[in-house]
Number of protein chains: 2
Amino acid sequence: MGEQALEKLRACIPLFQALSDTCRQDIILLLTKNDTLTVNEITSELTLSRPAVSHHLKILREQGILKMEQQGTQRYYSLAFENAIDQLKQLIITVEDRCY
Amino acid sequence: MGEQALEKLRACIPLFQALSDTCRQDIILLLTKNDTLTVNEITSELTLSRPAVSHHLKILREQGILKMEQQGTQRYYSLAFENAIDQLKQLIITVEDRCY
DNA sequence: TATAAACGTTTAAACTATTAAACATTTAAA
DNA sequence: TTTAAATGTTTAATAGTTTAAACGTTTATA
């Protein structure tokens, strides 16, 4: 595979970890259905506490899967899948190029 | 996003979990460099115990990332990335198709 | 058939991640 | 300038993961 492909794979660890959680996937699903939601709106749709939702939102935001816009006291979250998809595409290209 | 894309994402959880571990990535790297290795050979290259290596091999095998061939008492492990890559490709296609 | 080699599995301990309660911060409104 | 609303952060408990030791299984060989 070579070091280059390994580094791509290593770089994907936080993304894989962010995506491999059903709570976070539920949040993602909510945001595909609603376009934009506040923390309280997300909390009211799930069985998690608000701090737990906040925690998961932070992880998703750190991976660039969500974007957030603050208006007054409220924070509006929405999806930003492009970065994650691009990273996966890069990984696939590298692995296919180097590992077959 | 719709249920279809969510199901694709849900289906990827075990794959993401399998790949988001540095020990397992190290095993993958070893197998790209060596084509085929036994459990003891893998163990001698890492700082893990043999049962731990065996454990990680099992997880990787369950996700179709490795294939195994037994010859006598020895088990020869080698990479089989195709399944995982295909699954990621499917996910990307579905998300791009349904979520933009 | 007895013995050794190559593994896998079970189990208990250490480590890490997840959760909710309590607290802190920031902004808007009275 | 209080007060209330929306949210983030810290912390302690719980749940899940990872590890190595001990044990079991299978296969080859003496």
Side-chain angles (χ1 to χ4, degrees), chain A residues 9-10 12-31 34-80 84, chain B residues 9-31 34-80:
Chain A
L9 199 55
R10 287 262 195 269
C12 282
I13 290 180
L15 177 63
F16 289 150
Q17 285 175 341
L19 291 175
S20 58
D21 180 285
T22 50
C23 295
R24 292 193 280 272
Q25 292 194 351
D26 288 337
I27 292 173
I28 290 171
L29 178 65
L30 277 176
L31 284 168
N34 293 280
D35 211 54
T36 289
L37 291 171
T38 65
V39 179
N40 279 336
E41 285 171 338
I42 293 169
T43 303
S44 71
E45 297 282 339
L46 303 175
T47 56
L48 288 168
S49 71
R50 191 175 51 68
V53 169
S54 195
H55 166 74
H56 290 302
L57 287 172
K58 185 182 185 183
I59 290 170
L60 290 170
R61 202 158 20 107
E62 282 168 353
Q63 291 314 307
I65 297 166
L66 298 184
K67 53 177 184 281
M68 185 267 286
E69 199 182 347
Q70 184 143 9
Q71 286 179 22
T73 63
Q74 288 178 313
R75 296 185 173 195
Y76 292 91
Y77 286 89
S78 55
L79 275 179
Chain B
L9 198 55
R10 287 259 194 271
C12 281
I13 289 180
L15 178 62
F16 289 149
Q17 285 175 340
L19 291 176
S20 58
D21 179 283
T22 50
C23 293
R24 291 193 281 271
Q25 292 193 352
D26 288 337
I27 291 173
I28 289 171
L29 178 66
L30 278 176
L31 285 168
N34 293 279
D35 211 56
T36 290
L37 290 171
T38 65
V39 179
N40 280 336
E41 285 170 340
I42 293 169
T43 303
S44 70
E45 297 281 338
L46 303 175
T47 56
L48 288 169
S49 72
R50 189 174 51 71
V53 169
S54 196
H55 167 73
H56 290 303
L57 288 172
K58 185 181 184 182
I59 290 170
L60 290 170
R61 202 159 20 111
E62 281 168 355
Q63 290 315 307
I65 297 167
L66 299 185
K67 54 177 184 282
M68 185 269 284
E69 199 183 344
Q70 182 143 9
Q71 287 179 21
T73 63
Q74 290 177 313
R75 295 185 173 197
Y76 293 90
Y77 285 89
S78 55
L79 276 177

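In what follows, chains are A, B, ... by sequence order, proteins preceding strands, each numbered from 1.
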| query | Roughly, in whole Å, what's the span from CD in A:Glu41 to P in D:dA6? | reply | 10 Å

| message | Less than 4.5 Å apart, side chain to side chain, heavy atoms only: is that true for A:Leu37 and A:Tyr77? | response | no

| Length of the CD-P vector between B:Gln17 and D:dA15, whole Å | 18 Å

| field | Rounded distance (Å) that lies between atom P of D:dT27 and atom CG of B:Asn40 | value | 17 Å

| task | In whole angstrom, give the distance that lies between atom NE2 of B:His55 and atom P of D:dT18. | result | 5 Å

| Checking all strands, does B:Tyr76 fall into the base, sugar-phosphate, or nothing category for heavy-atom contacts under 4.0 angstrom? | nothing

| task | Could you list by number each residue of residues 64-74 of chain A showing a heavy-atom separation from DNA chain D of less than 4.0 Å, or answer none if no residue does? | result | A:Thr73, A:Gln74

| task | Could you tell me whether the side chain of B:Ile28 reaches within less than 4.5 Å of the side chain of B:Leu19, counting heavy atoms only? | result | yes

| Does A:Arg61 reach the side chain of A:Ile65, with side-chain heavy atoms less than 4.5 Å apart? | no

| query | Rounded to whole angstroms, how far apart are CG on A:Leu57 and P on D:dA6? | reply | 16 Å

| remark: Rounding to 0.5 Å, atoms NZ (A:Lys67) and CG (A:Leu31) come to a distance of 10.0 Å

| query | Would B:Arg10 and A:Thr22 count as a side chain to side chain contact (heavy atoms under 4.5 Å, CB included) if you check the C-alpha gap in whole Å, the side-chain angles of each, and the deciding distance to 0.1 Å? | reply | CA-CA 7 Å; B:Arg10 287 259 194 271; A:Thr22 50; 4.0 Å; yes

| task | Could you tell me the separation between the CG atom of A:Asp35 and the CG atom of A:Leu79, rounded to the nearest 0.5 Å? | result | 8.5 Å

| message | Using OP1 and OP2 only, check whether a side-chain N or O of A:Arg75 sits under 4.0 Å from D:dG8. | response | yes

| Rounded to the Å, how far apart are B:Ile13 CD1 and D:dG16 C1'? | 15 Å

| query | Taking only residues two or more places apart in sequence or in another chain, which ones pass side chain to side chain donor-acceptor pair (under 3.5 Å) with A:Arg50? | reply | none

| remark: Counted 5' to 3', the first and last nucleotides of DNA chain C within 4.0 Å (strictly under) of a heavy-atom of chain B are C:dA6 to C:dT9

| request: Determine yes or no for a side-chain-to-main-chain donor-acceptor pair under 3.5 angstrom, with B:Glu41 supplying the side chain and B:Thr43 the backbone. | output: no

| request: Round to a whole Å and report the spacing from CG of B:Leu48 to C1' of D:dT17. | output: 14 Å

| task | Just do the side chain to side chain contact (heavy atoms under 4.5 Å, CB included) check on B:Leu46 and B:Leu30 with the steps written out, would you? | result | CA-CA 9 Å; B:Leu46 303 175; B:Leu30 278 176; 3.9 Å; yes

| Roughly, in whole Å, what's the span from NE2 in A:His56 to C1' in D:dG8? | 15 Å

